[in-house]
Student: 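Sharing a structure below in structure tokens format, with a few things to ask.
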Amino acid sequence: MDNDPNTDAGVEGGVGLTALMVAAARAIETHRADSLAQDFYAEHFIRAARAPASWPVRIEEVPDGDANPLWGRFARYFGLRTRVFDDFLLRRAHHGARQIVLLGAGLDARAFRLDWPADRVVFELDRPEVLAFKGRVLDDLGATPKAARRAVPVDLREEWTAGLIEAGFDPGAPSAWLAEGVLLYLPRAAEQRLIDAVDRLAVGGSALAFEIKLGTNSPQIHENPLYRSTKHQIGVDLPALFDAEPRPDSTVELAGRGWSTVNRTPFDFTRQHSQGPRPQHNDPLGGNQWVFATKLDTARLT
Ligand SMILES: C[S@@+](CC[C@H](N)C(=O)[O-])C[C@H]1O[C@@H](n2cnc3c(N)ncnc32)[C@H](O)[C@@H]1O
């Protein structure tokens, strides 16, 4: 295995393992009595993987339950994030976005579990090994997508737009994009190229939601008990996977290109849903923000 967390083999190492961690969190969320998001595929990814097969997929399987920093509060965070971005994508699809592009889709099963309007296409971009594992598990289950689904194996640190176009993406038709839990693993220049690409490929009226995390290099993050527990409980050393370069300000970049942008915190949505993580002292989620950006529709102005 290579030292670069992005180039190691398979879904069960480096950054690929983060996709399994989020899937386990979604499985736990699915079976909560007060669930915010339901993904009945999620637990199958965990059972099909080797080491993670022993990870919990129900909160009842966690000895300390909700007091566990990883499978309690952090998993709830992923449940809330899934719900908020499900709502965003469905809203955009109902407002005319015909193409849904998931950047760093991981084991997200939105193409299979959301009730899309007719004739929508979901493009899933991720590393080839992650998409191959996902495809195998879903095929074994006989899962049928509820929209046209195109898996696009790419490395987002390199040129990836040609693969998307080849898979059938039409830059002339409205689109909704999501970069959920992925930008923080990309080098600064790759994030800048990604924003540039979305701006180039998105026609007016299209939208992009993305997650940012401020302060990933701070000692508060590196020494936070949450990240110590992800490392010790499941061998996922998140701060070591976060890209070490200072982050670009993609919200300002998009605003400068004529997009309207809104930054929200997860806690805004906890209030809205009356479920989810609440702020705490030395909060590892304190720098997380979800950004919602819409490209100005100049055709409508004329
Ligand atoms: C934390 S997971 C999030 C997955 C998904 N968005 C979700 O919430 O379930 C991060 C995903 O980003 C993908 N990723 C990270 N770096 C990547 C790269 N350079 N190219 C393509 N995908 C990448 C990983 O393989 C992984 O599936």
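We count ligands from 1, going down the list as the structure has it; atoms in each ligand are counted the same way.
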Student: Taking the six-membered ring for Trp and the single ring otherwise, decide whether the centroids of W290 and F85 are under 6.0 Å apart.
Tutor: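 They qualify: ring centres under 6.0 Å apart.
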Student: Do ligand 1 and E180 have nitrogen or oxygen atoms that lie under 3.5 Å from each other?
Tutor: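 Yes, since at least one N or O of E180 sits under 3.5 Å from an N or O of ligand 1.
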Student: Is there a side-chain contact between R150 and F169 in this structure, where contact means two heavy atoms from C-beta onward sitting under 4.5 Å apart?
Tutor: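 No - every pair of side-chain heavy atoms lies 4.5 Å or more apart.
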Student: Does the gap between the ring centers of F45 and Y41 come in under 6.0 Å?
Tutor: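 No, the ring of F45 stays outside the 6.0 Å limit from the ring of Y41, centre to centre.
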Student: Does any N/O atom on D126 come nearer than 3.5 Å to any N/O atom on ligand 1?
Tutor: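 Yes: some nitrogen or oxygen of D126 is under 3.5 Å from one in ligand 1.
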Student: Enumerate the side chain to side chain donor-acceptor pair (under 3.5 Å) contacts for residues 137-149, please, sequence neighbours excluded, ordered by first and then second residue.
Tutor: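 Every pair satisfying side chain to side chain donor-acceptor pair (under 3.5 Å) with a residue in residues 137-149: D115-K146, E124-R149.
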Student: May I ask you to test the P284-R73 pair for a side-chain heavy-atom distance under 4.5 Å?
Tutor: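 Answer yes - side chains close enough.
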Student: Using a 4.0 Å cutoff against the non-hydrogen atoms of R157, which atoms of ligand 1 qualify?
Tutor: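 Result: 19 (N).
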Student: I'd like to check whether G104 has a polar contact with ligand 1, where a contact means an N/O of the residue lying under 3.5 Å from an N/O of the ligand.
Tutor: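 Yes.
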Student: Answer yes or no: is there a side-chain heavy-atom contact under 4.5 Å between W71 and W55?
Tutor: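 Contact flag for W71/W55 side chains = yes.
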Student: If I apply the N/O under 3.5 Å rule, does R26 come out as touching ligand 1?
Tutor: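 Such a contact does occur with ligand 1.
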Student: Which atoms of ligand 1 have any heavy atom of D155 under 4.0 Å away?
Tutor: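 Once the distances to D155 are compared, the set is 18 (C), 19 (N), 20 (N).
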Student: Taking the six-membered ring for Trp, are Y185 and F242 parallel (under 30°), tilted (30 to 60°) or perpendicular (over 60°)?
Tutor: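 It falls in the tilted class, 30° to 60°.
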Student: Just jot down the ligand 1 atoms closer than 4.0 angstrom to any heavy atom of V22, in number order.
Tutor: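 What qualifies from ligand 1 is 1 (C), 7 (C), 8 (O), 9 (O).
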Student: For ligand 1, which atoms have a heavy atom of V154 less than 4.0 angstrom away?
Tutor: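 This gives 20 (N), 21 (C) as the contact atoms.
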Student: Taking side chain to side chain donor-acceptor pair (under 3.5 Å) as the test, write out the residues that go with E253, two or more places apart.
Tutor: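 So E253 forms a side chain to side chain donor-acceptor pair (under 3.5 Å) with R257.
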Student: Taking only heavy atoms of R81 into account, list the atoms of ligand 1 that are under 4.0 Å away from them.
Tutor: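 Those atoms are 7 (C), 8 (O).
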Student: Counting heavy atoms only, name the option from A105, G16, G181 that's nearest to atom 5 (C) of ligand 1.
Tutor: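 Shortest heavy-atom distance from atom 5 (C) of ligand 1: A105.
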Student: Within the 4.0 Å heavy-atom shell around R127, which atoms of ligand 1 are there?
Tutor: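 Those qualifying, in numeric order: 17 (C), 20 (N), 21 (C), 22 (N), 23 (C), 25 (O).
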Student: Looking at V130, which atoms of ligand 1 are within less than 4.0 Å of one of its heavy atoms?
Tutor: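 Near V130, meaning under 4.0 Å from one of its heavy atoms, ligand 1 has 25 (O).
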